[in-house]
Amino acid sequence: MNAIFLRVALDTPLDTFFDYRWVSSSEETNAYEPPRVGQLVLVPFGRQEIVGIIVDIVETTTVPADKLRDVIAVRDALPALNAEWLALIKFAADYYQRPLGEVALPALPKNLKVAKTVSLDRALKKLGKLSLSQDATVQAAPALNAEQQAAVNAITQTRKFTPYLLFGVTGSGKTEVYLQSAAKILAESATGQILILVPEINLTPQFEARIRDRFPGLHLSTLHSGMAEGERLLHWLAAHQGQARIVLGTRLAMLASMPDLRLIIVDEEHDPSYKQQEGLRYSARDLAIWRAHQLRIPVVLGSATPSLESWHGAQSRRYRLLELHERAVKDAVLPVVKIVNLEREKPSEGLTPRLISAIRRRLEKGEQSLLFLNRRGYAPVLACDACGWISNCTRCTANLVLHKGDHRLRCHHCGLEQRIPRSCPTCGNIDLQPLGRGTQRLEETLANIFPEARVFRIDADSTRLKGSAAAAFERVHDGEVDILIGTQMVAKGHDFKRLTLVAALNPDAALFSQDYRASERLFAQLMQVSGRAGRTAQKEGGSISEVLVQTRYPDHPLYHALMAHNYQSFATDLLQERQQAQLPPFMYQALLRAEARELVTAIEFLQQAASCTLHTGITINDPIPMTMTRVANVDRAQLLVESVSRPALQAFVKEWIATLRAMKSRVKWSVEIDPVDI
Ligand code: ADP
Ligand code: ZN
Ligand code: ZN
């Protein structure tokens, strides 16, 4: 009998590892390899059996002999997770201040973490035939223009850590730069892998198709949250075993195991969905930079409207800036952006006469229009004129949204649903009015004005069924739609060939939001959605592509920058404001959140948290209720801490968390590093 001890990371909130005994059976010593770090093991935990990861192998343990339990099984059919992957997880756990097991295990497919190994044995068998050496020939790549070529050369010339910011207007051929850089790097080695991150795969099936068409001989894995578990395991395994030479995925793919990663690409790097907003609140973009640094490989952040963090990175020369100034398709030009002053041109049902006639012209020419309204449902609230009643959610600081299709009032925050009341619940008035406008109402209005047009809506409600978003976009591509109404879902990446008119109905709200990032987001959204127009050369007799922005604030600098397609000047101004106001990226932040039945309980906890510590170089702000204070009957408050030094903030938060744990408060709390929604 030969015993060693395995130190195992488990998915528990306890910030510690767990030791188990492993005994090699003496007759079969040759039959069993000793376990290795990075292997998965099935172990007893309380009364359960759960899967963990071996993080160390030790010869002695402080666990008393009578408490020590044996490993049930080592998953030796699965190649061990390598040291680089473990280092990435360790970094993420340290940086975001979470127990390692809570980061490592959720990063693995569910089917690896169940007691039975059937699905794994299946999946392994399936992939068994897939060889590493694959055909990396590319199909029909267009000749690059000079700027694209310069970008590809820069990205592929070095074999060391270099972060690039690929800044190019919509349609300037960024994707082409990714694909040709990938081709070059893949051709250089028989096993190299490429990771491409996108904000949302379901919305951009074209991207996946483009990769498959370009590299028909290579195995591509996709990873995103909408996959069935069996499928997820297959794709993850192919990446982990090096068989997938290209991995295309959403933020969660950043934590995939890839043994020979040579290039990371983050497309639409400004997109807020790269930040996970629950559990481990990580930024996939930031982890991409760290991972590239660790592996000494290039990383490309691409966008037409880079995040201010990345733009600042390029300005301060931490990132290398690569620019594409023009649209790649010959004669495709950026649309003309025009401001429609809502004070002068009065809208009816949200549409100004100018917009209506612009849509009519498109209809006459068989061209498409896209109306952007970032609010789903029929109307954001139902109201009674007689007594002032409005439909608010009894569980949240929010209104119930009117959904006409299924006659419901619905809370978009907690999911509470009610039938639409026939009369006012307080005064009995039967004449209840929908206030404001959502996409459903707009759809109804347009169908009335243009009865002959094919009006189509794409938002989270219309595409709730799996796969229906892809089908909806297909319809638009196939020209079966004349007027498309959409939320931000339509802003991303789509190439609508016959689209010559884009209109933003009323984007003003974001200009005055409390969230200091709102205008950065609005600008990016409007640039993105504008970028859907004019992606092909203007047809003979066809319309000039235009973007109409209806606003009450026609002189706002944001709209002026939009008209001039001038991201740079907008970003420069915003960065200056951020510097003056001492906001990120000139300041590092962490946010302590607390939740309780009563707001005072949460605030008291935060006050206690604020006073239990003193630190130089750290600013601790006052606790405040969150903007949306109540969600699903829980009150929420927050406390912001800041520092100009990232290491100082890290060190402080680490100590602080230990203190907070020791307080053993019953309030539910969590700490977020680099919060974006505050
Ligand atoms: P982006 O990712 O910047 O939006 P894409 O790479 O999708 O741009 O390119 C926009 C359009 O231009 C696509 O239809 C693409 O096929 C085409 N395109 C890109 N590069 C070239 C090129 N060098 N020559 C011809 N067409 C190109
Ligand atoms: Zn009333
Ligand atoms: Zn609610």
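All ligand and atom numbering here is 1-based and tracks the order in the structure. Worth knowing before you read on, the calculation uses all heavy atoms, side chains too, and leaves out hydrogens, waters and symmetry mates. Model, not experiment: these values are computed from the prediction.
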Nearest to [atom], what protein heavy atom do you find, and at what distance?
atom                    : result
atom 20 (N) of ligand 1 : Gln148 NE2, 3.0 Å
atom 13 (C) of ligand 1 : Asp495 OD2, 4.1 Å
atom 11 (C) of ligand 1 : Val329 CG2, 3.7 Å

**Request:** Tell me, please, whether Phe215 has Arg245 positioned over its six-membered ring: NZ or CZ under 6.0 Å from the ring centre and within 45 degrees of its axis?
**Result:** no
Under 3.5 Å: N/O of [X] near N/O of ligand 1:
X      : result
Thr175 : yes
Ala328 : no
Ala143 : yes

**Request:** Please state whether the separation between the Zn ion (ligand 3) and some N/O/S atom of His413 is under 2.8 Å?
**Result:** no
**Item:** Contact check: Cys396 to the Zn ion (ligand 3), N/O/S below 2.8 Å
**Value:** yes
**Message:** So Gln134 and His219, do their side chains get closer than 4.5 Å, heavy atoms only?
**Reply:** yes
**Message:** So Cys411 and Val401, do their side chains get closer than 4.5 Å, heavy atoms only?
**Reply:** no
**Asked** Of all heavy-atom pairs between Pro306 and Ser303, which one has the smallest distance, and what is that distance?
**Response** N-OG, 3.2 Å
**Message:** On a heavy-atom basis, which atom in Pro199 and which in Glu268 lie closest, and how many Å separate them?
**Reply:** CG-CB, 3.7 Å
Any idea which part of [X] is under 4.0 Å from ligand 1, heavy-atom wise: side chain, backbone, both or neither?
X      : result
Arg327 : neither
Arg210 : side chain
Ala304 : neither

**Asked** Ring centres of Tyr567 and Trp311 under 6.0 Å apart?
**Response** yes
**Prompt:** What do you reckon, are the aromatic ring centroids of His412 and His403 less than 6.0 Å apart?
**Reply:** yes
**Message:** Could you go through Gln148 and Glu176, starting from their C-alpha distance and side-chain angles, then the distance that decides it, and tell me whether this counts as side chain to side chain donor-acceptor pair (under 3.5 Å)?
**Reply:** CA-CA 8 Å; Gln148 286 175 312; Glu176 202 49 55; over 6 Å; no
**Ionic contact status for Lys668 with Glu595, cut-off 4.0 Å** = yes
**Item:** Metal-centred angle, the Zn ion (ligand 2) as apex - SG of Cys387, SG of Cys427, 10° resolution
**Value:** 110°
Numbered atoms and elements of ligand 1 in range of [X], under 4.0 angstrom, heavy atoms:
X      : value
Gly173 : 1 (P), 3 (O), 5 (P), 6 (O), 8 (O), 9 (O), 19 (C)
Lys174 : 1 (P), 2 (O), 3 (O), 6 (O), 8 (O)
Leu144 : 23 (N)

**Item:** Worked check of side chain to side chain donor-acceptor pair (under 3.5 Å) between Arg375 and Thr487
**Value:** CA-CA 6 Å; Arg375 186 188 274 155; Thr487 55; over 6 Å; no
**Prompt:** Does Gly171 come within less than 4.0 Å of ligand 1, judged by its heavy atoms?
**Reply:** yes
